Number of protein chains: 2
Amino acid sequence: MRYSHQRERIFRAVSERCDHPTANMVYEQLKVEMPRLSLGTVYRNLNQLADAGRLKKIPLADGSCRFDKTKESHSHIVCDECGAVSDVHLPSFESFEQAIESETGYELRTYDVVLRGVCKDCRACMDQQAG
Amino acid sequence: MRYSHQRERIFRAVSERCDHPTANMVYEQLKVEMPRLSLGTVYRNLNQLADAGRLKKIPLADGSCRFDKTKESHSHIVCDECGAVSDVHLPSFESFEQAIESETGYELRTYDVVLRGVCKDCRACMDQQAG
DNA sequence: ATAAATAACAGTAATAGTTACTATGTAGGA
DNA sequence: TCCTACATAGTAACTATTACTGTTATTTAT
């Protein structure tokens, strides 16, 4: 993978945020300073960076993808109301791996566990509306 | 929800198969006997049936959805090679629910856990190719 | 049984998120 | 410095799904 100015800016953008941005969020942020940046370039580079292990790709239930700086292994929880994505630590499936494999006949590769719920802010908002 | 011939056939189609079909798979199956059936009708009814709790919707990481007859709670494992979806029993997150909620500040609603791996058939196939 | 109201339909167009294509530009080695 | 392959910008295409529009069919009330 050859160096490119765009790729490094895209990598830095994701690394410096905590909100697990979408490709489009990265694009919107960077195009202010890089007006000629194209959305396709952002998608291509995010996927390349994920393939290279420098970022983690988080495919969500609604078909969109979020990107995360890679740190120690963790799962994510998505707010059904506002779409926010937060980190969450779950007990690993590693201890069940054997049982899962023998039950299903599958060789387990990954488990991107994505929980869903309502975040603190949206709960406050909903409570207020309910009176 | 008013009765419709189409809806009942769509419900039966999903109930009678074990492969967690997509909307399009249901459409392909039924249009042989119902040539005027439209794909939009299949989507609309699958979602209505899921909302009504008569079927379960399984959104996958690639953005597509599968539909499942509702039975006792279980999770799913998807084959990365052929896309097959199988049932798998996992220990429930219920025991961690409290910990998750206090860690994240979220109110947990659902956890559609989708594991990924390689099914028995595809493993055999890959082994053969490798020699 | 008949008519009115409305949910559901078929067919088509539109949408969102993403990937592919094409011609131009640039990194990095010879 | 020049060459080659990878990267880019800009655009078109693609997939899964939803929305729109005029017609059909189920239900409710007469």
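Residue numbering restarts at 1 for every chain, and letters A, B, ... go by the order of the sequence lines. All figures in this text were calculated on a predicted structure; none of them were measured in a lab.
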Rounding to a whole Å, what distance do you find between [X]:[atom1] and [N]:[atom2]?
{"X": "A:Q48", "N": "D:dC6", "atom1": "CD", "atom2": "P", "value": "11 Å"}
{"X": "B:L46", "N": "C:dC9", "atom1": "CG", "atom2": "P", "value": "11 Å"}
{"X": "A:M34", "N": "D:dA7", "atom1": "CE", "atom2": "C1'", "value": "12 Å"}
{"X": "A:K31", "N": "D:dG10", "atom1": "NZ", "atom2": "P", "value": "11 Å"}
{"X": "B:R7", "N": "C:dC9", "atom1": "CZ", "atom2": "C1'", "value": "11 Å"}
{"X": "B:E8", "N": "C:dA8", "atom1": "CD", "atom2": "P", "value": "12 Å"}
{"X": "B:F11", "N": "C:dA8", "atom1": "CZ", "atom2": "P", "value": "16 Å"}
{"X": "B:N45", "N": "C:dA10", "atom1": "CG", "atom2": "C1'", "value": "13 Å"}

Are A:Y106 and B:V118 co-members of a hydrophobic cluster defined by side-chain heavy atoms under 4.5 Å apart?
->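 B:V118 and A:Y106: separate clusters.
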Mind checking whether A:L37 and A:F67 sit in one hydrophobic cluster, side chains of I, L, V, M, F, W, Y counted as touching below 4.5 Å?
->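 Cluster IDs for A:L37 and A:F67 match.
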Just to confirm, is there a sub-4.0 Å distance from OP1 or OP2 of D:dA9 to any side-chain nitrogen or oxygen of A:T41?
->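 Result: yes.
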Between A:Q6 and C:dT26, does any side-chain N or O lie under 4.0 Å from OP1 or OP2?
->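 For A:Q6, the contact criterion (side-chain N or O under 4.0 Å from OP1 or OP2 of C:dT26) is not met.
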What is the per-nucleotide protein-contact pattern of nucleotides 16-30 of chain D, from the 5' end, where B denotes a base atom under 4.0 Å from a protein heavy atom, S denotes such proximity for sugar-phosphate atoms only, and - denotes neither?
-> SBB------BBS---
Indicate whether any N or O donor in one side chain lies under 3.5 Å from an N or O acceptor in the other, for B:N24 and B:T22.
->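 Side chains of B:N24 and B:T22: no pair found under 3.5 Å.
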Is it true that atom NZ of B:K69 has more than 12 heavy atoms of other residues, nucleotides or ligands lying nearer than 6.0 Å?
->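 Yes, because the 6.0 Å sphere around NZ of B:K69 holds more than 12 heavy atoms from other groups.
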Answer yes or no: are there more than 12 heavy-atom neighbours, outside A:Q128 itself, under 6.0 Å from its atom CD?
->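 Atom CD in A:Q128 is not crowded, with 12 or fewer foreign heavy atoms closer than 6.0 Å.
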Check: B:T70 side chain, B:R54 main-chain N or O, donor-acceptor pair, under 3.5 Å =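 Between the backbone of B:R54 and the side chain of B:T70 there is a qualifying donor-acceptor contact (under 3.5 Å).
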